[in-house]
Protein chains: 2
Amino acid sequence: MAVPSSSPVTPAASPLFLREHEVRRGVELLFFGYTRLTRSIDEGLAEHGLGRAHHRALYFIARQPDLTISELLKILAITKQSLGRVLTDLGAQGLVETRAGVTDRRQKLLRLTPDGVAFEARLFDALRTSLAAAYAAAGQESVTGFWRVLEGLIPPNDRVMVAALQKDM
Amino acid sequence: MAVPSSSPVTPAASPLFLREHEVRRGVELLFFGYTRLTRSIDEGLAEHGLGRAHHRALYFIARQPDLTISELLKILAITKQSLGRVLTDLGAQGLVETRAGVTDRRQKLLRLTPDGVAFEARLFDALRTSLAAAYAAAGQESVTGFWRVLEGLIPPNDRVMVAALQKDM
DNA sequence: CAAGATACGTCAATATGGCTGTCCCATCTT
DNA sequence: AAGATGGGACAGCCATATTGACGTATCTTG
């Protein structure tokens with residue numbers, strides 16, 4: 001996109017307003033990549049009559065056992081009511097269980113049951129297959145760049161939360 | 001991660017079954033990055049009483065003027081009925097117009113009106129601000145990696161379509 | 001200890017964006 | 001002339017999200 005290499009007097013325009021092509025490319029690849037990856041687990045979910053919303057909850061509970069409801073709400077950024085139905089479904093299928101918090105008994109600590117662990121692992125396999133293939137095709141340096149750009153898309157406020165998820169990897 | 005540097009007898013396990021941490025990290029960053037980016041335009045859309053589905057159509061019509069309905073259906077991978085409602089809304093607001101195809105008059109060629117162009121540009125500004133900031137923070141080499149990994153997530157069948165979008169950039 | 005804040009649950013109503021199945025019309029192809 | 005294709009439209013359904021109000025148990029603090 002026509003960054004004029006002329007006019008050396010004017011300072012380079014802010015990068016925020018340059019590179020429309022690069023931005024469009026990112027928007028499109030993000031759209032296709034994200035939607036195609038998420039589609040890869042729909043079949044597995046459908047076997048249990050569950051949807052993507054259930055998977056998101058399942059995934060983050062698997063990731064951080066003993067997560068509380070309010071922590072999960074922050075991660076998913078949906079309302080309590082929306083999450084409520086999802087957790088009811090997961091509980092009814094015996095995939096998730098809750099216990100009272102230890103230091104604060106108002107809290108509910110969320111955990112996967114053994115069935116939940118097995119089911120999440122099955123779904124994760126599909127994600128792993130797709131992502132690992134993409135990583136392998138792109139090469140390790142690309143993976144680092146992939147992460148860096150995505151991190152930059154997360155508002156600073158949310159980064160603490162994301163970092164917390166990954167702290168004990 | 002722990003790829004054991006020991007056991008030189010066993011061949012390295014298939015990369016598809018290694019690196020759970022890296023895969024989880026990718027899944028999470030993709031989730032947060034994608035959802036946060038898309039949220040950045042919700043406000044602008046709400047001013048017109050439109051949703052994300054409308055934006056996706058608007059975006060790809062902006063990207064490829066004179067797109068046909070069936071091409072757009074392939075890109076979005078939704079049903080004709082779902083797209084129909086979206087296009088009706090966009091047409092009613094004077095953002096999108098159609099003309100009969102030139103070589104095949106059954107086709108409808110989709111285009112943004114001047115209002116549509118202006119509105120899409122406004123929404124795109126929000127995306128550009130977010131993405132360009134992430135690009136700048138990550139550095140150009142990272143951007144390349146970001147693209148490569150995402151390309152790898154797109155099923156080979158769909159890559160032609162994505163490449164077509166970007167061919168005249 | 002009483003008052004208030006917090007964690008969670010729940011009711012009712014609503015919006016959005018998908019889906020299936022069916023049928024129709026106009027136009028192109030053979 | 002017959003069939004295939006591009007597009008539109010009907011009816012009904014489902015999943016996932018929303019807001020707002022209210023209830024209960026528990027923790028915190030003056």
Side-chain angles (χ1 to χ4, degrees), chain A residues 31 34-36 38-39 41-61 66-93 96-111, chain B residues 31 34-35 38-39 41-43 45-61 66-93 96-111:
Chain A
F31 168 71
Y34 182 77
T35 60
R36 268 52 175 183
T38 57
R39 257 168 218 168
I41 57 166
D42 283 350
E43 202 178 317
L45 285 166
E47 287 173 23
H48 284 241
L50 299 175
R52 290 178 193 172
H54 299 95
H55 177 249
R56 290 194 287 273
L58 206 60
Y59 180 94
F60 287 109
I61 296 169
D66 287 341
L67 203 65
T68 66
I69 301 277
S70 61
E71 284 167 339
L72 186 51
L73 282 175
K74 271 177 215 144
I75 290 172
L76 298 175
I78 58 176
T79 59
K80 210 173 22 162
Q81 290 72 9
S82 299
L83 180 57
R85 264 172 312 140
V86 165
L87 290 179
T88 300
D89 293 345
L90 293 174
Q93 299 215 7
V96 165
E97 63 189 4
T98 67
R99 290 178 305 167
V102 276
T103 67
D104 183 339
R105 285 183 19 218
R106 291 172 305 179
Q107 295 181 330
K108 285 196 172 176
L109 306 183
L110 297 159
R111 267 188 178 276
Chain B
F31 168 72
Y34 182 77
T35 60
T38 56
R39 257 167 218 167
I41 57 166
D42 283 350
E43 203 177 317
L45 285 166
E47 288 174 22
H48 284 242
L50 299 175
R52 289 178 194 170
H54 299 95
H55 178 250
R56 290 194 286 273
L58 206 59
Y59 180 94
F60 286 110
I61 296 170
D66 287 342
L67 203 65
T68 67
I69 301 277
S70 62
E71 285 167 340
L72 186 51
L73 281 174
K74 270 177 216 145
I75 289 173
L76 297 175
I78 57 176
T79 59
K80 211 173 24 162
Q81 292 71 13
S82 299
L83 180 58
R85 267 175 315 167
V86 166
L87 290 180
T88 300
D89 294 345
L90 292 174
Q93 299 216 8
V96 165
E97 63 188 4
T98 66
R99 290 179 304 169
V102 277
T103 67
D104 183 339
R105 284 183 19 216
R106 290 171 305 178
Q107 295 181 329
K108 286 197 172 177
L109 306 184
L110 297 159
R111 267 189 178 275

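Proteins get letters first, then strands, A, B, ... in listed order; numbering begins at 1 in each.
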Please tell me which of Ala77(A) and Val102(A) maps to the more 5' nucleotide of DNA chain D, matching each residue to the nucleotide holding its nearest heavy atom.
Ala77(A)
So Lys80(B) and Leu73(B), do their side chains get closer than 4.5 Å, heavy atoms only?
yes
May I ask you to say what Arg52(A) touches in the nucleic acid, namely base, sugar-phosphate or nothing, with a heavy-atom cut-off under 4.0 Å?
sugar-phosphate
List the atom of Ala57(A), the atom of Leu72(A), and the distance in Å for their closest heavy-atom pair.
CB-CD2, 4.4 Å
Which atoms form the tightest heavy-atom contact between Arg39(A) and Leu76(B), and what is the distance?
NH2-O, 3.9 Å
Would you please confirm or rule out a distance under 4.0 Å between OP1 or OP2 of dA15(D) and any side-chain N or O of His54(A)?
no
What pair of heavy atoms forms the shortest contact from Ile41(B) to Thr38(B), and how long is it?
CG1-O, 3.1 Å
Non-hydrogen side-chain atoms of Asp42(A) and Arg52(A) separated by less than 4.5 Å
yes
Contact boundaries on DNA chain C for chain B, cut-off under 4.0 Å to non-hydrogen atoms
dG17(C) to dC28(C)
Check whether any side-chain heavy atom of Arg56(A) sits under 4.5 Å from a side-chain heavy atom of Val86(A), and report yes or no.
no
Within the structure, does a side-chain N or O atom of Arg56(A) lie under 4.0 Å from either OP1 or OP2 of dA17(D)?
yes
Between Tyr34(A) and Tyr34(B), how do the two ring planes meet: parallel, tilted or perpendicular, split at 30° and 60°?
parallel
What is the distance, to the nearest angstrom, from the CZ atom on Arg99(A) to the P atom on dA25(D)?
22 Å
For Leu87(B) and Ile69(B), which heavy atoms make the closest approach, and how far apart are they?
CD1-CD1, 3.5 Å
Per-nt protein contacts along nucleotides 1-11 of chain D (heavy atom under 4.0 Å; B base, S backbone sugar-phosphate only, - none) come out as ---BBSBBBB-
Which residue lies more 5' along DNA chain D, comparing Gly51(A) with Arg85(B) via nearest heavy atoms:
Arg85(B)
